[in-house]
Amino acid sequence: DRPHVSDPQLVVDFSSGDFKLTFHNPKNVSEFSMTLFKGHEKQRICALHVDKEKVFPESNVTYCNAEHSNSSTTFILKNLGRKHTGIYTCCLEMFLPPPYIECRLNETYLYIPDEEKCISPGLVSGIIIGLTAFAMISCICCVVVCCLRNKSQQCDSNSHEYNSEYMPMAAVNAAKKPRI
């Protein structure tokens with residue numbers, strides 16, 4: 001009946017942009033606390049106190065939440081940025097039954113890279129399709145304009161051909177006959 005920690009392994013899960021740090025609860029313990037610390041200076045960021053099935057979560061930061069189930073305690077780290085990179089340590093304190101026991105379960109290093117600014121694949125394909133359509137329409141317009149221009153030049157040159165048997169003549173006023 002002596003309290004002990006079964007499988008003190010930390011399970012780290014990354015899903016939907018959130019890190020979940022899960023620890024198994026101690027067996028045969030009615031009151032305990034789990035605390036998550038950040039960095040070498042052990043800044044307390046999140047904790048969970050369990051007292052006979054009553055759960056009291058506590059968070060000193062906005063990006064950490066604690067959840068409790070019958071078998072495990074999970075610390076959920078949300079909306080992390082580069083500044084949240086560091087060592088995270090979980091500490092377990094067992095209060096009841098006596099004796100009081102404090103132990104460090106596990107620590108892990110989380111690296112959070114800068115968010116890369118990128119264009120979504122849907123936007124890229126839309127841009128490519130738009131540019132291709134614009135290029136095709138521009139080419140068709142250029143061909144039509146060139147054809148009309150050439151046809152217009154041919155018509156102009158045919159109407160002013162100087163070796164034609166029909167020469168353009170200026171209008172002549174009829175000569176007035178003198179009245180006698």
Side-chain angles (χ1 to χ4, degrees), residues 1-139 141:
D1 266 0
R2 183 152 173 93
H4 68 282
V5 178
S6 66
D7 191 18
Q9 295 298 315
L10 162 69
V11 177
V12 179
D13 179 32
F14 180 74
S15 62
S16 305
D18 300 339
F19 280 99
K20 294 181 180 180
L21 309 171
T22 303
F23 300 91
H24 291 285
N25 292 337
K27 300 221 187 253
N28 303 322
V29 176
S30 58
E31 186 178 350
F32 67 92
S33 285
M34 279 203 192
T35 308
L36 185 64
F37 297 98
K38 181 183 179 233
H40 294 291
E41 61 280 351
K42 304 288 188 252
Q43 173 193 2
R44 181 183 173 129
I45 61 169
C46 210
L48 186 91
H49 184 80
V50 177
D51 181 11
K52 297 181 184 176
E53 301 306 318
K54 291 181 184 175
V55 179
F56 304 98
E58 173 191 335
S59 181
N60 295 334
V61 294
T62 58
Y63 60 89
C64 182
N65 293 321
E67 290 183 357
H68 174 72
S69 71
N70 289 336
S71 62
S72 64
T73 298
T74 302
F75 294 105
I76 301 170
L77 304 173
K78 297 181 177 193
N79 302 323
L80 299 181
R82 185 175 178 90
K83 68 180 181 180
H84 298 109
T85 295
I87 295 175
Y88 289 83
T89 307
C90 184
C91 183
L92 170 66
E93 296 176 90
M94 293 181 273
F95 301 106
L96 291 176
Y100 169 81
I101 299 173
E102 179 182 8
C103 64
R104 181 165 70 183
L105 287 181
N106 209 326
E107 71 180 22
T108 188
Y109 182 81
L110 294 182
Y111 173 73
I112 296 96
D114 280 337
E115 228 179 88
E116 293 182 17
K117 307 287 186 221
C118 62
I119 299 174
S120 69
L123 184 60
V124 170
S125 63
I127 290 172
I128 291 172
I129 290 170
L131 289 175
T132 304
F134 177 76
M136 290 176 61
I137 292 171
S138 297
C139 288
C141 289

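Side chains included, hydrogens not; waters and symmetry mates left out as well; all remaining heavy atoms used. In this chain, numbering begins with 1 at the start of the sequence shown.
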Side-chain heavy-atom pair [X], [Y] within 4.5 angstrom cut-off:
{"X": "Phe19", "Y": "Leu110", "value": "yes"}
{"X": "Tyr88", "Y": "Leu77", "value": "yes"}
{"X": "Phe95", "Y": "Val29", "value": "no"}

Run the side-chain hydrogen bond (donor to acceptor under 3.5 Å, both in side chains) test against [X] and tell me which residues pass, sequence neighbours left out.
{"X": "Ser69", "result": "Ser72"}
{"X": "Glu58", "result": "Arg44"}
{"X": "Glu67", "result": "none"}

**Request:** Using side chain to side chain contact (heavy atoms under 4.5 Å, CB included) as the criterion, list what pairs up with Phe134, not counting sequence neighbours.
**Result:** Ser138
**Fill in**
Sequence neighbours excluded, the answer for side chain to side chain contact (heavy atoms under 4.5 Å, CB included) partners of Ile137 is Cys141
Looking only at heavy atoms, which two atoms of [X] and [Y] are closest? And how far apart?
{"X": "Cys64", "Y": "Ser59", "result": "O-OG, 2.8 Å"}
{"X": "Asn79", "Y": "Asp18", "result": "N-OD1, 4.2 Å"}
{"X": "Ala47", "Y": "Ala66", "result": "O-CB, 3.9 Å"}

Cut-off 3.5 Å, no hydrogens considered: what does the side-chain donor-acceptor table look like for residues 30-37, sequence neighbours left out?
from: Glu31; atom 1: OE2; to: His49; atom 2: NE2; distance (Å): 3.1
from: Ser33; atom 1: OG; to: His49; atom 2: ND1; distance (Å): 2.4

Within this structure, what is the [atom1]-[atom2] distance for the pair [X] and [Y], rounded to the nearest 0.5 Å?
{"X": "Ile76", "Y": "Thr22", "atom1": "CD1", "atom2": "OG1", "result": "8.0 Å"}
{"X": "Met94", "Y": "Leu96", "atom1": "CE", "atom2": "CG", "result": "11.5 Å"}
{"X": "Asn65", "Y": "Leu48", "atom1": "CG", "atom2": "CG", "result": "11.0 Å"}
{"X": "Thr89", "Y": "Lys38", "atom1": "OG1", "atom2": "NZ", "result": "11.5 Å"}

**Asked** Please, which pairs that meet salt bridge (Lys or Arg N to Asp or Glu O under 4.0 Å) have at least one residue in residues 84-96, sequence neighbours excluded?
**Response** none
**Asked** In chain order, what residues pass the ring-ring contact (aromatic ring centres under 6.0 Å, His included) check against Tyr63, with sequence neighbours excluded?
**Response** His84
